[in-house]
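Reading through the structure tokens given below for one structure.
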Protein chains: 2
Amino acid sequence: MNTLYSPSALKAELNAKGWRLTPQREVILKIFQELPQGNHLSAEDLHEQLVGLEQDISLSTVYRTLKLLARMGILRQLELAEGHKHYELNQPYPNHHHHLVCVKCNKTIEFKSSSILQVGSKQAQEYGYKLLDCQLTIHAICP
Amino acid sequence: MNTLYSPSALKAELNAKGWRLTPQREVILKIFQELPQGNHLSAEDLHEQLVGLEQDISLSTVYRTLKLLARMGILRQLELAEGHKHYELNQPYPNHHHHLVCVKCNKTIEFKSSSILQVGSKQAQEYGYKLLDCQLTIHAICP
DNA sequence: TAAGTATTGAAAATTTATCGCAAATAGCCC
DNA sequence: GGGCTATTTGCGATAAATTTTCAATACTTA
Ligand SMILES: [Mn+2]
Ligand SMILES: [Mn+2]
Ligand SMILES: [Zn+2]
Ligand SMILES: [Zn+2]
């Protein structure tokens with residue numbers, strides 16, 4: 001569980017940009033923080049999970065919040081399956097990781113690699129880009 | 001220019017799976033083979049290019065063909081921009097490469113890295129997955 | 001060349017995500 | 001706490017990308 005962002009830390013970061021902490025945003029972040037490592041949620045997944053918790057948050061707000069948190073660097077947007085995005089906490093080193101995905105059944109395995117992180121920062125630096133995230137996605141077929 | 005798949009090689013590979021070589025499929029592959037290195041086409045891009053060449057191929061067929069060629073491993077599907085996919089030839093080593101993408105303006109730089117290819121094949125092997133493609137995508141902001 | 005099946009084009013449908021707007025509410029000052 | 005104001009929400013409408021349906025067409029193979 002990632003405890004980087006307590007509700008008050010989230011509030012501070014939001015308010016610094018003129019945005020507001022709402023119960024919806026707090027609950028959504030909490031769900032990602034309590035999500036077992038290796039799980040990834042789509043907007044629909046998240047919305048269903050909220051309905052299950054009797055948290056009534058509209059699908060529009062789910063989409064808006066996912067986009068906001070990803071742009072703030074709190075969540076990471078992943079392309080693990082066809083047709084929709086998945087999200088997870090954007091964890092810094094040493095929890096930063098990559099994904100091995102089966103293109104047939106979408107089964108996904110996470111793995112860490114400091115050398116990839118090195119390649120990523122070296123390339124960004126070489127072209128003067130400011131690094132935000134680097135993801136190695138391995139498309140493969142599971143046994 | 002990639003000459004791995006001549007029309008007859010494409011035909012052989014299609015027929016082996018009970019599929020057929022059509023003029024549409026042949027033309028679409030040719031466009032990718034003649035595309036300058038570093039260019040990436042969306043379905044709409046490709047369709048416009050076909051109209052320019054007075055090749056009358058429906059948008060449905062463009063989508064169907066892109067999906068088919070990608071599943072055959074002939075094309076590579078890339079997530080370089082929000083909202084739509086891009087495609088390029090899936091070139092083996094030593095032309096295999098990765099992408100540094102500006103999330104603000106979508107400017108994309110290609111780079112090669114044999115160490116990433118090594119990480120990719122090692123991970124796939126470790127879990128018994130059959131490797132299809134591995135792509136490092138670096139999200140960053142250009143200067 | 002004829003039979004049989006895969007493929008195509010065109011339009012409709014589906015899926016994913018965004019938008020407009022009125023009502024609700026967080027942050028702020030008193 | 002009570003009001004002020006800009007932000008956020010929920011809802012329905014809308015947009016954009018991709019897929020599907022189906023009748024007509026065209027590959028393959030024998
Ligand atoms: Mn993950
Ligand atoms: Mn490329
Ligand atoms: Zn699988
Ligand atoms: Zn840029």
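Since the model is a prediction, treat every value here as computed from it, not as a measurement. We name chains A, B, ... by the order of the sequence lines, and we start the count at 1 in each one.
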Grab the [atom1]-[atom2] distance between [X] and [N] for me, whole Å please.
{"X": "His86(A)", "N": "dT16(C)", "atom1": "NE2", "atom2": "P", "value": "10 Å"}
{"X": "Ile28(B)", "N": "dG9(C)", "atom1": "CD1", "atom2": "C1'", "value": "13 Å"}
{"X": "Leu14(A)", "N": "dC28(C)", "atom1": "CG", "atom2": "P", "value": "12 Å"}
{"X": "His47(A)", "N": "dT18(C)", "atom1": "NE2", "atom2": "C1'", "value": "15 Å"}
{"X": "Leu50(B)", "N": "dT8(C)", "atom1": "CG", "atom2": "C1'", "value": "14 Å"}
{"X": "Leu59(B)", "N": "dA11(C)", "atom1": "CG", "atom2": "P", "value": "13 Å"}
{"X": "Asp56(B)", "N": "dT8(C)", "atom1": "CG", "atom2": "C1'", "value": "12 Å"}
{"X": "Ile57(B)", "N": "dG9(C)", "atom1": "CD1", "atom2": "P", "value": "7 Å"}

Please name the residue in the list Lys85(A), Arg76(A), His86(A), His99(A) that meets the side chain to side chain donor-acceptor pair (under 3.5 Å) test with His40(A). His99(A)
Listed nucleotide nearest any side-chain atom of Trp19(A), set dA17(C), dT8(D), dT8(C): dT8(D)
Ser60(B) vs Thr22(A), nearer the 5' end of DNA chain D by closest nucleotide: Thr22(A)
Check the phosphate of [N] against [X], side-chain N and O only, distance under 4.0 Å to OP1 or OP2. Yes or no?
{"X": "Arg20(A)", "N": "dA6(D)", "result": "no"}
{"X": "Asn15(A)", "N": "dG27(C)", "result": "yes"}
{"X": "Gln24(A)", "N": "dT25(C)", "result": "no"}
{"X": "Lys85(B)", "N": "dT18(D)", "result": "yes"}
{"X": "Ser58(A)", "N": "dC11(D)", "result": "no"}

Could you tell me whether Lys11(B) contacts a base, only the sugar-phosphate backbone, or nothing, with contacts defined as non-hydrogen atoms closer than 4.0 Å? sugar-phosphate
Base, sugar-phosphate or nothing for Leu21(A)? Non-hydrogen atoms, less than 4.0 Å. sugar-phosphate
Asp133(B) side chain reached by His96(B) side chain, heavy atoms, under 4.5 Å: yes
Within the structure provided, determine whether Gln55(B) and Lys30(B) are in side-chain contact (heavy-atom separation under 4.5 Å). no
Which atom of Ser42(A) lies closest to which atom of His84(A), heavy atoms considered: CB-CD2, 3.7 Å
Any residue in residues 63-79 of chain B with a heavy atom nearer than 4.0 angstrom to DNA chain D? Just list them by number, or reply none. Tyr63(B), Arg64(B), Lys67(B)
Do [X] and [Y] sit in one hydrophobic cluster, given that two such residues count as connected whenever their side-chain heavy atoms are within less than 4.5 Å of each other, even indirectly?
{"X": "Leu46(B)", "Y": "Tyr87(B)", "result": "yes"}
{"X": "Leu35(A)", "Y": "Ile57(A)", "result": "yes"}
{"X": "Leu100(A)", "Y": "Val103(A)", "result": "no"}

